[in-house]
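Only one structure is covered here, and it is reproduced in the block below.
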Amino acid sequence: MSLRRFAVAAVVVFASLSSATKEKPPQEPKPGTDTVHGCYKSVGTMKMLQSFDFNSQGKCVGLCLDKKFTAAASNKNDCYCGNEYPNKADLVDDDKCDEPCPGFGDDACGGLDTYTVYNTGDRVAVGEADASSSSAGPSKTSAAPDAPASTSDSIHTVTASSEPEQQSSGPNVAGIAAGVVVGVVGVSAIIGGIFFWMRRKRNAEIEEEHRRNAAVNAFISGGGKPPGSSGGLSMSDSRLDPVMNRRMSDGSIADNQDYSRRILRVTNA
């Protein structure tokens, strides 16, 4: 009995998984409500705006509605936005869109080279792209023209860069050698300048030491008198000598006689 219940539960789960990955049938557009428009093998003029790890119908439509787009499309993680449906010629059966959305497994987000197209609800009347603008795989067709261009560009780049490298190998070596020589000369000049400066400073110190020694020797040899005494001759101030302060002029009164008393002097007539 338990085995029977297990079998029934497995069938129910398998049926639910099968129904979850099936595309919803197209719905009539409603203002303010996102609806499924159909399963297409191209996105027409729509451009991929973002890739979500947990993409779903609501996630993709919300992005396009915020960007003021009227149509949206999803293919697993990729979300496309635009203002036109793909051309009717690219419409395929709903069972071709059997890829469950990573963010909500009950919704189908396209399939193998197919896209689930939505109406964002911003506008009910939405036009469709021309047949010439539709393609089987926009991501692949958009990358296909770029691939040869990028390949040719890379080839040209490699070819152009390889020749200058061979030609410029000589000048590069010469430039390096010149730089080394200039560096050695500059370092040598700096070292030489430091050496001469130190030597000059040492010579000045030696000369100053000789001058001090000569002054000391002169002081010792002069009997302990300073060099400014001119060999022991002393210079005195005449103002400190009372003899020098006497008036020695003719006709003046001598300072060493007393003139306060009258003295009778006899002279021969």
Side-chain angles (χ1 to χ4, degrees), residues 47-55 63 66-67 77-81 102 138-259:
K47 304 295 182 182
M48 190 186 79
L49 295 188
Q50 195 167 345
S51 182
F52 298 105
D53 292 335
F54 301 98
N55 193 23
L63 174 66
D66 291 341
K67 302 293 184 180
N77 301 95
D78 300 334
C79 180
Y80 300 81
C81 299
S139 59
K140 294 181 179 179
T141 53
S142 60
D146 296 336
S150 61
T151 304
S152 60
D153 292 341
S154 61
I155 293 174
H156 286 300
T157 303
V158 172
T159 304
S161 61
S162 60
E163 293 180 357
E165 287 178 358
Q166 296 176 357
Q167 295 177 358
S168 61
S169 59
N172 288 337
V173 174
I176 293 173
V180 171
V181 172
V182 172
V184 172
V185 172
V187 172
S188 301
I190 293 173
I191 294 175
I194 295 173
F195 174 77
F196 285 114
W197 177 78
M198 294 179 64
R199 185 175 179 182
R200 184 175 180 181
K201 183 179 180 181
R202 179 59 181 168
N203 292 337
E205 292 177 354
I206 292 173
E207 290 179 0
E208 182 65 20
E209 186 176 356
H210 282 294
R211 290 176 183 175
R212 291 178 181 176
N213 293 334
V216 171
N217 293 334
F219 178 77
I220 294 173
S221 61
K225 296 181 180 180
S229 60
S230 301
L233 297 177
S234 60
M235 300 297 293
S236 59
D237 192 351
S238 60
R239 291 175 295 177
L240 300 178
D241 190 356
V243 178
M244 296 297 296
N245 290 330
R246 294 179 179 179
R247 288 178 292 181
M248 302 301 292
S249 59
D250 295 337
S252 62
I253 301 175
D255 294 334
N256 56 355
Q257 295 183 10
D258 188 7
Y259 295 96

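On a predicted model such as this, the values are computed, not experimentally measured, just so you know.
Atom CE of Met48 sits about 9.5 Å away from atom SG of Cys79, to the nearest 0.5 Å. With values rounded to the nearest 0.5 angstrom, Met198 atom CE is found 10.5 Å from Arg202 atom CZ. Note: Ile206 CD1 to Glu208 CD = 12.0 Å, rounded to the nearest 0.5 Å. Atom CZ of Phe195 sits about 5.5 Å away from atom CZ of Arg199, to the nearest 0.5 Å.
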Exercise. Check the pair Glu209 / Arg212 against salt bridge (Lys or Arg N to Asp or Glu O under 4.0 Å), numbers first and verdict last.
Key: CA-CA 5 Å; Glu209 186 176 356; Arg212 291 178 181 176; over 6 Å; no
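Annotation: side chain of Asn77 is in contact with side chain of Ser51 (closest heavy-atom distance under 4.5 Å). The shortest side-chain heavy-atom distance between Pro102 and Phe52 does not fall under the 4.5 Å cut-off.
Residues Asn55 and Asp78 come closest through the heavy atom pair ND2-O, 3.4 Å.
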